[in-house]
Participant: 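Structure provided below as structure tokens; questions to follow.
Index from 1, following the sequence. Values in this document were obtained by computation on a predicted structure and should not be read as measured data. Numbering of ligands and ligand atoms starts at 1, following listing order.
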Amino acid sequence: MSASFTGTPPLIHALWPAKAVLTAMGMLAEPYVKRHPGVREMLAATVYVALLGCLQAQQLQGHVSIILLGATGDLAKKYLWQGLFQLYLDEAGKGHSFRFHGTALTSTEQGQEVIAKVLESLSCPSDTAPGRCAELKAQFQQLSEYRSLKTPEDYLALSKDIEAQVQHEGLQEAGRIFYLSVPPFAYADIARNINSSCRPGPGAWLRVVLEKPFGHDHHSAQQLAAELGSFFQEEEMYRVDHYLGKQVVAQILPFRDQNRKALDGLWNRHHVERVEIIMKETVDTAGRTSFYEEYGVIRDVIQNHLTEILTLVAMELPGNISSPEAVLQHKLQAFRALRGLQKSSAVVGQYQAYSQQVRRELQKPDSFHSLTPTFAGILVHVDNLRWEGVPFILMSGKALDERVSYARILFKNQAYCAQSERRWEAEQSQCLPRQVVFYIGHGELGSPAVLVSRNLFRPSLPSASWWEVTDRPGLRLFGRPLSDFYAYSPVREQDAYSILISHIFHHRKDSFITTENLLASWVFWTPLLESLAREVPRLYPGGAENGPVLDFEFSSNRLSFSQPPLEQVVPGPGSAPTPSHFQVLTAKYRHSPLISAWPEELIARLAGDIEAAAVRAVQRFGKFHLALSGGSSPVALFQQLATGHYGFPWAHTHLWLVDERCVPLWDPESNFQGLQAHLLQHVRVPHYNVHPMPVQRHQRLCAEEDRGAQAYAEEISALVTNSSFDLVLLGMGMDGHTASLFPQSPTGLDGEQLVVRTESPSRPFQRMSLSLPLINRARKVAVLVMGRMKRDIAMLVSRVGHEPKKWPISGVLPASGQLVWYMDYEAFLG
Ligand code: BG6
């Protein structure tokens with residue numbers, strides 16, 4: 001069922017560009033023809049030749065069908081139809097023929113009505129004369145249709161119609177673009193239908209454009225990606241992040257590239273004080289709470305828009321920035337360098353009216369209070385040589401005091417200026433702030449711009465498309481008059497969607513999110529989202545009244561609100577959960593002290609206890625021998641020790657491994673690698689105090705004849721008095737294993753050996769481990785047990801006696817030292 005707005009003969013479609021050129025030149029106007037007799041014939045011939053040229057060009061370039069699914073929806077009405085119109089204006093004269101199929105589930109009649117209104121409201125570029133604009137719109141309308149697209153038969157009919165039309169008009173099909181502006185639950189069905197009945201014939205391309213959300217967390221994003229991957233090739237998918245279509249965002253890499261010389265020495269931890277990536281909005285979420293309640297601010301804009309900007313700023317610059325593959329690889333590298341986030345890396349807020357809006361729109365009871373954040377501030381670190389130690393602040397929120405987005409790189413200032421401040425000159429004075437700002441839009445400036453402090457360098461931007469802004473006296477940005485900056489804005493401001501639609505047409509894949517890119521982002525954000533799931537957001541009044549209530553401060557790895565919450569915006573008694581669940585509980589477990597708390601407090605407590613033990617040991621013996629386990633539980637502990645414990649006597653600490661996998665030390669699976677990544681590279685332990693297990697000798701892994709275990713035992717005996725570690729940190733596996741001592745292990749559970757080779761039931765099978773007898777010689781043993789998955793084993797082990805063969809952990813009991821259990825509530829209480 002399809003319906004065109006009018007039926008224009010195909011020849012007219014093909015010929016109008018040539019006519020348009022002549023009309024635009026004023027050459028078909030009557031007065032012109034009158035003044036130049038004979039010109040009519042000449043023009044007719046020219047037109048004819050031009051038209052023929054167009055026809056030939058079209059045959060060369062082929063026909064493009066654009067199918068907009070969700071054509072009556074908000075996004076389509078606001079941006080996509082306009083973007084398609086712009087594409088038509090830009091491309092129709094270059095030899096392609098087009099047809100635009102708006103589709104939705106709406107009936108044909110209703111849909112046609114909506115689309116007719118939308119097409120009527122399209123606007124032309126500002127320099128188009130009104131008459132010409134009407135003409136162009138009419139042409140676009142003629143090429144646009146609406147059809148209802150629901151059933152597999154509808155898809156088949158659409159495909160047949162395209163084929164018939166192409167054949168009838170004697171065209172070659174170049175390709176089809178399916179733009180899915182629909183909710184994600186509809187993706188699978190649509191994808192199946194496109195794949196089974198709407199693929200164009202051989203030689204023509206298929207492009208499928210997808211709008212976020214692309215999942216809710218890493219797992220769901222993976223599922224969705226796998227599902228889409230079963231219908232489309234990666235090459236065929238265009239995942240939209242509309243921020244990549246914003247002119248200033250799209251300029252970040254070219255700017256870094258074109259100004260390499262000036263930036264090379266500056267774009268690093270030695271010079272950058274901090275990076276701020278900010279997206280402030282004044283609107284709230286009224287009308288879209290059903291979406292927002294499920295996603296919240298981090299998933300809505302930080303996981304995607306702000307993270308993309310972060311990678312563009314932080315990534316190493318590829319040699320060739322126009323190679324999508326190179327850009328992707330460098331982006332992925334940047335993702336890998338991001339330090340894992342903890343709950344303390346973020347603050348979250350919620351505007352006061354939000355819960356009420358949710359109750360109203362989603363028919364929730366009066367007692368309902370949402371925990372969905374509408375504001376978040378997040379501290380991100382990029383752990384590589386370029387950025388180590390530089391805070392990246394990401395912030396976004398609804399119902400804030402202004403609408404503005406930017407990425408601001410603020411440089412360190414170590415200058416002292418001998419003259420008085422009033423004599424400082426913007427170009428020269430090194431005492432004025434030095435910053436590069438990618439001003440994405442809105443705010444005081446009101447338009448996108450790239451700003452560079454004059455005391456940094458004069459930037460180079462493509463002069464045909466960016467011009468210098470000089471005429472805004474009185475305007476101050478980031479604490480300085482605009483005149484302190486070189487400021488460049490696009491000559492022609494364009495909407496992000498128009499740009500992206502053009503990039504889809506031109507197959508510019510670097511403006512879109514690949515599956516790898518998407519999943520890398522979710523891998524980074526999912527742990528934080530999980531840890532914030534029960535966090536009570538700070539309430540804020542909204543708009544200018546927010547005052548300083550959302551201001552936050554950061555230090556090393558933590559970020560916190562600067563002020564206590566405003567009493568008056570907290571809802572009535574009983575509605576806001578209190579932080580009583582953050583208490584630390586002390587009790588006994590297997591007759592030894594047990595410390596239990598929520599993960600963050602537990603880790604903080606353990607780190608504090610280890611530091612105290614270290615300080616004591618160094619005071620008494622001049623050194624501290626610490627043996628650490630690998631795996632995932634201690635990662636947070638390592639990070640905590642690395643960033644929050646300046647009193648730790650690292651220079652006098654010896655670090656040993658409790659166990660190791662038989663893989664090379666550089667392998668990501670190696671316990672030493674984990675220790676290196678999360679602790680060693682951040683603290684100053686002398687190299688000769690670090691003792692990795694010798695799992696690789698003579699280029700072999702854990703070969704018996706290489707006697708690695710014996711060598712480690714000898715090293716311990718030589719350096720650690722009585723082979724008695726000051727502190728051994730252990731974990732507990734779900735099968736009751738500890739270190740790499742597994743149930744029924746023939747070695748390491750008793751006997752004389754200090755270090756043993758063992759077998760694990762899971763990969764990598766070969767391990768090396770301290771033995772129970774050696775562990776039990778320690779002055780202190782701390783067992784860290786975290787997560788709900790450990791609940792059952794924790795229950796079981798609490799009841800069993802000394803049975804190391806069945807549950808090696810039950811054999812841990814230092815002969816003269818102390819054993820302390822550190823369990824989080826989920827492991828201890830379930
Ligand atoms: C969208 C979010 O991706 O971006 C919205 O879903 C947000 O919540 C919008 O308002 C902001 O985009 P822009 O282009 O107005 O900055």
Side-chain angles (χ1 to χ4, degrees), residues 70 73-80 82-83 179-184 209-216 221 238-252 276-310 312 348-351 353-354 357-358 361 370 372-376 394-408 437-449 490 493-501 511-513 518 521-522 525 529 542-543:
D74 281 348
L75 186 71
K77 285 196 226 162
K78 222 165 148 187
Y79 299 109
L80 302 180
Q82 183 64 45
Y179 198 123
L180 275 58
S181 175
V182 297
V209 188
L210 303 157
E211 276 288 341
K212 77 179 177 66
F214 307 121
H216 188 262
Y238 290 69
R239 281 192 197 82
V240 170
D241 180 319
H242 80 281
Y243 263 60
L244 293 185
K246 302 241 173 201
Q247 285 167 295
V248 164
V249 177
Q251 191 57 34
I252 296 177
E276 297 169 354
I277 302 174
I278 307 298
M279 176 180 172
K280 292 174 71 177
E281 297 189 274
T282 47
V283 290
D284 62 19
T285 67
R288 17 176 351 225
T289 52
S290 67
F291 160 81
Y292 209 83
E293 188 48 9
E294 209 182 316
Y295 289 88
V297 65
I298 299 179
R299 292 182 175 91
D300 184 33
V301 299
I302 298 182
Q303 173 275 325
N304 37 58
H305 308 329
L306 300 200
T307 305
E308 283 304 307
I309 298 170
L310 166 70
L312 292 174
V348 287
Q350 185 189 85
Y351 64 84
Y354 179 76
Q357 289 171 348
V358 175
E361 289 181 19
S370 166
T372 304
T374 61
F375 168 89
L394 274 54
M395 189 272 260
S396 183
K398 301 277 184 197
L400 300 184
D401 62 325
E402 61 171 342
R403 181 181 185 191
V404 66
S405 17
Y406 57 84
R408 174 182 184 226
V437 185
F438 298 103
Y439 199 89
I440 299 162
H442 307 289
E444 294 285 315
L445 190 57
S447 58
E493 258 185 60
Q494 277 181 288
D495 168 64
Y497 280 98
S498 296
I499 292 181
L500 290 180
I501 286 174
S511 308
F512 300 88
I513 307 295
L518 175 74
S521 176
W522 278 119
W525 288 106
L529 287 162

Participant: In this structure, which one of Val240, Ile501, Leu80 forms a side chain to side chain contact (heavy atoms under 4.5 Å, CB included) with Val209?
Facilitator: Val240
Participant: Taking salt bridge (charged side-chain N to carboxylate O under 4.0 Å, His left out) as the test, write out the residues that go with Glu276, two or more places apart.
Facilitator: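 Counting only residues at least two positions away or on another chain, Glu276 forms a salt bridge (charged side-chain N to carboxylate O under 4.0 Å, His left out) with Arg274, Arg408.
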Participant: Return the protein residues near ligand 1 (heavy atom under 4.0 Å from any of its atoms), ordered by chain and residue number.
Facilitator: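 Around ligand 1, where the cutoff is 4.0 Å for heavy atoms, the contacting residues are Lys212, His242, Tyr243, Lys246, Met279, Glu281, Arg288, Asp300, Val301, His305, Lys398, Arg403.
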Participant: State the OG-CD distance between Ser511 and Glu308, to the nearest 0.5 angstrom.
Facilitator: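 Ser511 atom OG to Glu308 atom CD measures 10.5 Å (nearest 0.5 Å).
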Participant: Could you tell me whether a side-chain N or O of Tyr295 sits under 3.5 Å from a main-chain N or O of Ile298, the two making a donor and an acceptor?
Facilitator: no
Participant: Could you check whether Lys212 makes a cation-pi contact with Phe214, meaning its NZ or CZ is under 6.0 Å from the centre of the six-membered ring and within 45° of the ring axis?
Facilitator: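 No, Lys212 and Phe214 do not form such a contact.
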Participant: Contact between Tyr354 and Thr289 at the side-chain level, heavy atoms closer than 4.5 Å - yes or no?
Facilitator: yes
